[in-house]
Amino acid sequence: MTTELTVRAPAKINLYLAVTGKEDNGYHTVETVMQAISLYDCVNITRADDGDAPIILTCDVPAVPCGEDNLAWRAAEVFFAESGMRFPVRIHIKKHIPIAGGLAGGSTDAAAVLCALNRLAGEPLSRETLLSAGAKLGMDVPFCVLSCLGVTAALGLHYGEIMFPCKPLVGMTVVVASSGESVSTPWAYKRMDAVPLAAPGYAPLLGALDAGDTDGVLSTMYNAFEEVILPLCPSAAQCREILLSSRADAVMMSGSGPTVIALYHEENAAHIAAQELQKAGFSAAVCETI
Ligand code: ATP
């Protein structure tokens with residue numbers, strides 16, 4: 001019986017993200033097109049049938065909480081509740097995805113734990129149950145579950161958890177620029193309350209994705225948060241300026257920020273931009289849409 005798995009948990013970017021309203025429960029509704037990228041956290045999960053503690057979680061980044069505050073820990077709890085099974089597990093997370101950067105780092109770790117525990121336990125949960133279990137943890141988690149299962153792009157409606165898989169944007173090189181600033185997602189959504197809800201609509205972007213029209217995708221990308229959040233994050237705004245002056249085909253803040261991403265047809269141009277960012281004291285990773 002397999003007792004240990006190491007899985008790659010991919011980050012996501014939003015090719016389109018609009019806030020469409022706020023419900024009485026305080027949750028915002030969105031329209032979003034999510035795309036996975038090849039920037040991965042590495043999550044190791046061991047079924048430790050001889051262990052005492054139910055869940056032991058460790059992480060190579062000291063700033064990340066290692067108890068119940070870690071979304072991956074909570075994913076293990078949700079898996080046990082949904083499956084009715086219980087066994088001791090050890091989880092180790094090696095972070096490569098910037099923390100609180102709008103790339104769904106915690107969500108993808110949680111999705112990786114859900115999917116890996118399901119495999120280690122003999123697949124007691126269906127794909128549908130994994131997706132609804134993910135939604136209990138956070139609205140980015142269901143998409144991350146899909147990515148773990150090999151579906152790397154989707155339209156997300158309602159809170160983002162009602163998903164329609166779509167054609168991915170393949171083969172674009174992506175520079176992920178981190179300023180070191182962090183943005184809490186609830187804080188970012190609060191900032192959006194004062195902003196009019198006008199947005200261009202996702203139909204042109206989805207149409208371009210479907211037609212394999214990369215330039216059409218790049219010219220219809222949209223993130224409602226960018227205008228509101230970037231002015232509050234001066235270093236991220238500086239990253240954006242550096243990327244805009246590179247040979248990028250599109251530059252945009254990712255999710256609720258403040259990570260800034262740039263997309264390139266030409267891989268070499270991406271590496272040059274990453275070097276420029278590093279020279280200016282920022283971290284930059286080069287990866288691909290998957
Ligand atoms: P999203 O894009 O889904 O809103 P994010 O990428 O902006 O999320 P995360 O990296 O998930 O943000 O981190 C948000 C907060 O969650 C962090 O400040 C951290 O304390 C906490 N956290 C909980 N679990 C994790 C995890 N596995 N990895 C990173 N941060 C985590």
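Quick caveat, the model's predicted, so the values are computed rather than measured. In each ligand, atom 1 is the first atom listed, and ligand 1 is the first ligand listed. The analysis underlying the following values was restricted to heavy atoms, covering all of them including side chains, and did not include hydrogens, waters or symmetry mates.
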**OP:** Could you name the option among Leu137, Thr185, Thr259, Asn70 that has the heavy atom nearest to atom 4 (O) of ligand 1?
**Re:** Thr185

**OP:** Say whether Gly101 and ligand 1 are in contact under the criterion: heavy-atom distance to a ligand atom below 4.0 Å.
**Re:** yes

Original post:
Is the CZ atom of Arg8 crowded by more than 12 outside heavy atoms at less than 6.0 Å?
Top reply: no

Original post:
Where does Ala72 meet ligand 1, judged by heavy-atom distances below 4.0 Å: at the side chain, the backbone, both, or neither?
Top reply: neither

Original post:
How does Asp69 reach ligand 1, by side chain, by backbone, by both or by neither, if only non-hydrogen atoms under 4.0 Å count?
Top reply: backbone

Original post:
To which of Ile99, Val61, Leu71 does the heavy atom nearest atom 24 (N) of ligand 1 belong?
Top reply: Leu71

Original post:
At the 4.0 Å heavy-atom cut-off, does Gly255 count as touching ligand 1?
Top reply: no

Original post:
If you round to the nearest 0.5 Å, how far is OG of Ser126 from CD of Glu82?
Top reply: 9.5 Å

Original post:
Heavy-atom distance to atom 7 (O) of ligand 1: which of Ala75, Gly102, Ala112 wins?
Top reply: Gly102

Original post:
What residue and atom, counting heavy atoms only, is the protein's closest point to atom 2 (O) of ligand 1, and at what distance?
Top reply: Ala104 N, 3.0 Å

Original post:
Measuring from the heavy atoms of Met139, does anything fall under 4.0 Å of ligand 1?
Top reply: no

Original post:
Quick one: does Gly105 get an N or O within less than 3.5 Å of an N or O on ligand 1?
Top reply: yes

Subject >> Leu263: which of Thr173, Ile37, Thr214, Leu169 passes side-chain contact (heavy atoms from CB on, under 4.5 Å) >> reply: Leu169

Subject >> Under 3.5 Å: donor-acceptor pair, side chain of Asn14, backbone of Leu17 >> reply: no

